[in-house]
Amino acid sequence: MRYLFSLLIIMSLFLYACGSGSDSKSNGKSKPKIAIAGLGIESSTFSPAITEAAAFHPRRGEEVLGYYPFFDEGSELRAAAEWIPALIGKSLPGGAVSREAYESLVTELLDSLKKNLPYDGLFFDIHGAMSVVGMDDAEGDLITRIREVIGTGTVISTSMDLHGNVTETLAAYSDLITCYRMAPHEDAMESKQRAVRNLLERIQSGKGKPAYKASIAIPILLPGEQTSTRIEPGKSLYAEVGPAADQEGIVDAAIWMGYPWADEPRNHAQVVVVGDDEGKVRTTAESLARKFWDARCEFDFVAPTASLDEAIAMALRSKKKPYVISDTGDNPTAGGAGDVTKTLTDVLSNPAFKSPNGPTFIYASIPGPELVEKALQVGVGQAVEGYVGAMVDDRFAPPLKLKGTVYFIKEGDRNAEVEVVLKINNNYIIVTKKRKPYHKEHDFTDLDLQPRKADILMVKIGYLEPELYNLRGDWVMALTAGGVDQNLVELPYKRIQRPMFPLDKDMEDPDLTAKLVPLSHQYRPNK
Ligand SMILES: [Zn+2]
C-alpha cells in the first residue's frame, strides 16, 4: 500500500514536471487555445467596382468551424485544441474594398478576439490580395492590428492563396506562413490544414515560433493564366515546394506568384521558407527563387489565346464540341466587375448567332437585375426584354438590350440570388441578379442547360476550372476587355516596383539572396 502511494507521488511529480515546461498543455488535460480569423478577397485596382462588407459573407462562431472540413465534429484536429473562432470572411474577387467595409469587418474581428484573450495560437486565413481603398498593404494592416490585441507571444500561422502578396510586415508578424501549391487551387483546404497542423505541432511540442524566416522578393508579375501548375514551367517549379518543405530543419516553404491586377508596391512574386535550421532555410529559399527566375521566359498562356473575333471564328469552324471560349478580360474570379457587355454585344451582333438554326450557344453570364425582375413577373415561356450589364464597368460598352424568351428561372443561389436563362434564337444567355462565377457543370445543368451538348460555351473565366476543363471539346482564351485584362504590358501601372518582368523584359538579374525576416516579437514596423 505504502509502495503504491509512493509510486503515485512519483508519477504525479513526473506529470507536473512534464507539464510545466512551457505551459501546462502537454499533460493532456488542458488544450492549447487557438483563435481563427481572417478576410479573403483578391481585388483589382484596375476595376471601377467597389466591394462592400456583405460580399464577404462573414462567418462567426460555429459557422467558422463549419467552413473547414478538417474541423468536422469528431475529427482529430477538432479535438486537439480549444478553437476560438473570431470572424472569417471570403468574398468573390472584385474591385477594391471600401474603407468603411474594411473597418467594420476589422472592428468586429478585433472585438471578438478581445473577448477570449490570451491565445496560444492564431490561424490567420487570408487570400493576400485584398486591396482596400487608400491602403497599400491591407493584410499587413490587419495582422498589425491583430498583434496589437493578442500580443507578440501568440504563434500566428498564416495561410494564403499563391496569388496573394507578402510584405515584410505580413511575413514578420506571421510566425508560420504558407500558400497553396496548385493552380487551379485543388489543394486549398489541404494547405489550410497544413497551416493548422504546423501551428498545433509547434505549440504542442513546446517549440513555439520557428527561429528563422527567409524571404526573397522576385521581380516577376504574371497572370494566373500563365502560371498554372498543370503545365510547365509552373508544374516543375511547384513540384519542388513539397520536398523543400519536408526537409529536416524546415517547417514550411512557399512560392507566391503575386496578384497582377493591383497597382501596389507589394505586387510581385515571393518565396518564404520557415524553419529552425538557418542554413537550410536560406539555401532552400534561394534555390526556389533561382529556379523561378531562371524559368521566367518559359511562362506562357495555358491555352491558345485569340482576339474575340478570332476565337468565334475558330469555334464556328471546329468540329470539337463544346468549344469553350474564356471571356478572360472580365473574369469575376480574378477581380473583374463581371458586368462588361462588350463581348456579349459583339457575339450577338455576329450574323452566325442571329438565326434560330445557328450554333447552340451558352453564355455565362451577365448581371441584369432589371431584366431578372421582369422575367420573374412574366415567368418561364414568356417574352421579355430589358437592359443588362455595364452598371459597374461601362468603360468598354453601354448596357446591352436583350429581347428573348424566358427559358428557365432559378432562385436561391448564394451569389447570383436569381438566375434567368434567356433564349434568343439558339443562344442561351444566363442573366443573374448579382454576379456569379460559372465553374461547375451543375451550375449549368441546374438551369436545364446541357453544356456538353452545346456547340459553343462561353464563360467569364480565365483558365478553366477542372470540371469545365474536363468537359471541353476544345478551348481558346479570348483576350477580351475588362478590369483583368490579360495583356499586363498594357495596364497603366504606376506604383509597382520596377524593373519588373515581363514589363521590363531586358532587365538585369536581380539580387536573389535570402533575407531573414524579423521574428514577430522583434519586429518594429516603421510607420
Ligand atoms: Zn488564386
Side-chain angles (χ1 to χ4, degrees), residues 38-47 51 55-56 67 88-97 124-131 138-139 158-167 170 177-195 218 220-231 234-235 237-238 241 254-262 264 266-272 292 299 301-303 326 328-336 338 415 435-440 459-469 477 482-486 488:
L39 295 173
I41 183 175
E42 59 185 352
S43 37
S44 169
T45 60
F46 295 110
S47 160
T51 301
F56 283 86
Y67 180 76
I88 61 163
K90 310 271 165 207
S91 169
L92 278 181
V97 180
F124 191 42
D125 185 11
I126 57 174
H127 179 290
M130 172 165 60
S131 299
E139 287 84 356
T158 300
S159 168
M160 298 172 68
D161 188 295
L162 63 83
H163 300 117
N165 310 290
V166 186
T167 59
L170 181 59
I177 185 164
T178 193
C179 69
Y180 309 155
R181 296 168 182 173
M182 294 174 83
H185 307 315
E186 294 166 74
D187 67 332
M189 273 301 158
E190 192 184 311
S191 301
K192 294 174 200 286
Q193 187 172 357
R194 184 175 68 246
I218 308 166
I220 295 180
L221 195 53
L222 292 165
E225 283 65 23
Q226 295 193 28
T227 53
S228 165
T229 60
R230 281 213 191 106
I231 57 161
K235 193 174 175 182
L237 176 62
Y238 274 83
V241 179
I255 303 176
W256 286 260
M257 284 290 171
Y259 181 64
W261 293 291
E264 295 157 359
R266 65 178 186 166
N267 295 103
H268 52 75
Q270 192 90 21
V271 166
V272 182
F292 194 169
F299 287 96
F301 286 108
V302 295
S326 296
T328 60
D330 189 33
N331 172 13
T333 43
N415 293 306
R435 77 203 173 100
K436 160 188 168 136
Y438 286 78
H439 288 180
K440 307 264 183 176
V459 188
K460 283 188 190 285
I461 197 171
Y463 54 69
L464 296 185
E465 292 295 319
E467 288 189 20
L468 299 187
Y469 183 79
M477 297 204 301
V484 290
D485 194 322
Q486 291 287 334
L488 297 187

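Both counts, for ligands and for their atoms, begin at 1 and track the order of listing.
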Please check if the distance between the ring centroids of Tyr180 and Tyr238 is under 6.0 Å.
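No, the ring of Tyr180 stays outside the 6.0 Å limit from the ring of Tyr238, centre to centre.
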
Residues forming a salt bridge (Lys or Arg N to Asp or Glu O under 4.0 Å) with Glu264, sequence neighbours excluded
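By the salt bridge (Lys or Arg N to Asp or Glu O under 4.0 Å) rule, Glu264 matches Arg266.
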
Sequence neighbours left out, what passes side chain to side chain contact (heavy atoms under 4.5 Å, CB included) with Arg194? Give chain and number order.
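With sequence neighbours excluded, Arg194 shows a side chain to side chain contact (heavy atoms under 4.5 Å, CB included) to Thr178, Arg181, Ser191, Asn198, Asp252, given in chain and number order.
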
Roughly how far, to the nearest 0.5 Å, is CE of Met130 from CD1 of Ile41?
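Those atoms lie 8.0 Å apart.
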
Testing Leu170, Asn165, Val272 for side-chain contact (heavy atoms from CB on, under 4.5 Å) with Met160, which one passes?
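Only one of Leu170, Asn165, Val272 forms a side-chain contact (heavy atoms from CB on, under 4.5 Å) with Met160, namely Leu170.
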
Under 2.8 Å from the Zn ion (ligand 1), which protein atoms of type N, O or S occur, listed by chain and number?
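Listed by chain and number, the nearby protein N, O or S atoms are Asp161 OD1, Asp161 OD2, His163 ND1, His185 NE2.
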
Pairs where residues 182-192 contributes a residue and the test salt bridge (Lys or Arg N to Asp or Glu O under 4.0 Å) is met, not counting sequence neighbours:
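Of all non-adjacent pairs touching residues 182-192, those that pass salt bridge (Lys or Arg N to Asp or Glu O under 4.0 Å) are Asp125-Lys192.
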
